[in-house]
Amino acid sequence: MAVNILAFGPNGSGKGTQGAIVKDKYGSAHIESGAIFREHIKGGTELGKKAKEFIERGDLVPDDITIPMVLETLAKSKEQGWLLDGFPRSKAQAEALDAALKEAGMKLDYVLEIKLDRQIAKERIMGRRLCANDNNHPNHIAFDAIKPVEKDGRLVCRVCGGELSARADDQDEGAIGKRHDIYYDTVTGTMAAVNYFKAAGGCKVISVDGSMGIKEVTAAIVKQLD
């Protein structure tokens, strides 16, 4: 049976890692909002062309462009189910997405929320490393369980041996602060979106403590999944 999930968590919470585990449990498509934009822009779709104009100006892509993109991608995975990661990022987007899903006849089964203290989230971001082969391969210089491995005098991905890099904005405390300002905003930001779905009902909300180890967080999530 297809299962549809929204995944929430601040940058640094391990949301991508846990999302990959959950989607494997159900055989769902793991859909990331950034990948949706890249797919449409690369494919030269009308929505992609419109989105590109905003992105190139450094502006946020309006919801009336973003949500049709998201829905189109979700519809392609309607039979296998999906885990949507990175959207919605605001209360307004949550309200619009909820209405659009209902109109399209797509049921939301779970909202997964990984909670993490803001300072801990920042420290985690600054220590994480990205694998060139798969960004969901967890590598972090501060955690023994997911530390990169050393090969020929350099650190490589602990999962596949791929090249590792640190995103420039992951080392920029100002940039991290801006991202977290949006996420932790309970009035109009992403936390407001989480709270909207909690209040709306109609789906099961799973909230877990993201400060635990990866295996412990996974166990806490799986325990609450039907």
Side-chain angles (χ1 to χ4, degrees), residues 1-11 13 15-43 45-51 54-55 60-115 136 179 182-208 221-222 224-226:
M1 183 182 71
V3 174
N4 300 329
I5 304 168
L6 283 183
F8 291 99
N11 290 106
S13 66
K15 174 169 56 70
T17 299
Q18 297 300 333
I21 293 170
V22 172
K23 68 95 177 175
D24 285 343
K25 173 179 170 63
Y26 291 111
S28 307
H30 188 177
I31 299 170
E32 297 176 284
S33 57
I36 294 174
F37 284 115
R38 290 192 293 273
E39 179 184 337
H40 276 268
I41 292 171
K42 185 178 179 181
T45 68
E46 285 304 311
L47 288 171
K49 290 174 184 175
K50 292 177 182 177
F54 286 92
I55 292 170
L60 290 175
V61 180
D63 292 348
D64 61 355
I65 296 175
T66 301
I67 289 175
M69 277 188 181
V70 171
L71 279 179
E72 183 180 313
T73 304
L74 297 182
K76 292 177 183 176
S77 302
K78 195 171 184 179
E79 297 303 316
Q80 71 176 120
W82 41 261
L83 183 144
L84 179 58
D85 177 351
F87 188 89
R89 295 188 179 185
S90 68
K91 183 180 179 182
Q93 288 180 343
E95 293 169 341
L97 178 63
D98 187 31
L101 287 174
K102 288 173 180 173
E103 186 176 343
M106 279 190 270
K107 184 178 183 297
L108 179 60
D109 298 294
Y110 293 100
V111 168
L112 169 60
E113 176 194 17
I114 301 178
K115 297 181 176 181
N136 288 319
R179 279 184 273 167
I182 295 171
Y183 186 86
Y184 288 98
D185 180 350
T186 58
V187 179
T188 61
T190 309
M191 281 300 303
V194 177
N195 293 335
Y196 167 81
F197 283 107
K198 286 181 177 179
C203 63
K204 183 173 181 179
V205 179
I206 297 174
S207 295
V208 298
I221 293 170
V222 171
Q224 297 182 68
L225 292 170
D226 295 331

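Numbers here simply count residues along the sequence, with the first being 1. Just the heavy atoms: all of them, side chains too, but no hydrogens, waters or symmetry mates, feed the values below. Because the structure is a prediction, the values reported are computed rather than measured.
- With sequence neighbours left out, Lys78 forms a salt bridge (charged side-chain N to carboxylate O under 4.0 Å, His left out) with no residue at all.
- Heavy atoms only, all atoms of each residue included: Gln93 and Pro88 are closest at CB-CB, 3.5 Å.
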* Asked: Yes or no on side chain to side chain contact (heavy atoms under 4.5 Å, CB included) for Phe37 and Thr66, after CA distance, side-chain angles and deciding distance?
  -> CA-CA 8 Å; Phe37 284 115; Thr66 301; 3.7 Å; yes
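- Sequence neighbours left out, the pairs with a member in residues 97-107 that pass side-chain hydrogen bond (donor to acceptor under 3.5 Å, both in side chains) are Asp98-Lys102, Asp98-Tyr196, Lys107-Asp109.
- In this structure, the separation between CD on Gln224 and CD1 on Ile206 is 5.0 Å, given to the nearest 0.5 Å.
- The minimum heavy-atom distance linking Ala94 with Ala193 is given by the pair CB-CB, 3.7 Å.
- Rounded to the nearest 0.5 angstrom, Leu74 CG and Leu97 CG are separated by 7.0 Å.
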* Asked: For Leu101 and Leu71, what are the C-alpha separation, side-chain angles and deciding distance, and is it a side chain to side chain contact (heavy atoms under 4.5 Å, CB included)?
  -> CA-CA 8 Å; Leu101 287 174; Leu71 279 179; 4.0 Å; yes
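- Looking at residues two or more places apart in sequence or on another chain, you find a salt bridge (charged side-chain N to carboxylate O under 4.0 Å, His left out) between Glu113 and Lys198.
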Under 3.5 Å, which donor-acceptor pairs do the side chains of residues 17-31 form with other protein atoms, sequence neighbours left out?
residue	atom	partner	partner atom	Å
Gln18	OE1	Thr218	OG1	2.7
Gln18	NE2	Ile214	O	3.2
Gln18	NE2	Thr218	OG1	3.3
Tyr26	OH	Asp226	O	3.2
His30	NE2	Asp85	OD2	3.4

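- Within 6.0 Å of the CZ atom in Arg89, the count of heavy atoms belonging to other residues, nucleotides or ligands does not exceed 12.
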* Please report the C-alpha distance between Ile41 and Ile55 in whole Å, then the side-chain angles of each, then the deciding distance to 0.1 Å, and finally whether the side chain to side chain contact (heavy atoms under 4.5 Å, CB included) criterion is met. => CA-CA 10 Å; Ile41 292 171; Ile55 292 170; 3.7 Å; yes
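- Note that the CG atom of Leu47 and the CE atom of Met69 stand 5.0 Å from one another [nearest 0.5 Å].
- Not counting sequence neighbours, Glu72 has no partner by the salt bridge (charged side-chain N to carboxylate O under 4.0 Å, His left out) test.
- Rounded to the nearest 0.5 angstrom, Met191 CE and Tyr184 OH are separated by 8.5 Å.
- Considering only residues two or more places apart in sequence or on other chains, Phe54 meets the ring pair (Phe, Tyr, Trp, His ring centres under 6.0 Å) condition with none of them.
- Between Val205 and Phe197, every side-chain heavy-atom pair lies at or beyond the 4.5 Å cut-off.
- Listed here is the closest heavy atom pair of Thr73 and His40: OG1-NE2, 4.2 Å.
- Atom-to-atom distance recorded for Phe8:CZ and Ile114:CD1 is 12.0 Å, nearest 0.5 angstrom.
- Between Asp63 and Pro68, the closest heavy-atom pair is O-CD, 3.7 Å.
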* Asked: After noting the C-alpha distance and the side-chain angles of Asn11 and Tyr183, does the key distance pass the side chain to side chain contact (heavy atoms under 4.5 Å, CB included) rule?
  -> CA-CA 8 Å; Asn11 290 106; Tyr183 186 86; 6.0 Å; no
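- For Lys91, the NZ atom sits in a loose shell: 12 or fewer heavy atoms of surrounding residues, nucleotides or ligands are nearer than 6.0 Å.
- The two atoms that bring Ala96 and Ile67 nearest to each other are CB-CD1, 3.1 Å, heavy atoms only.
- For Leu108 against Trp82, the heavy-atom pair with the smallest separation is CD1-CH2, 4.2 Å.
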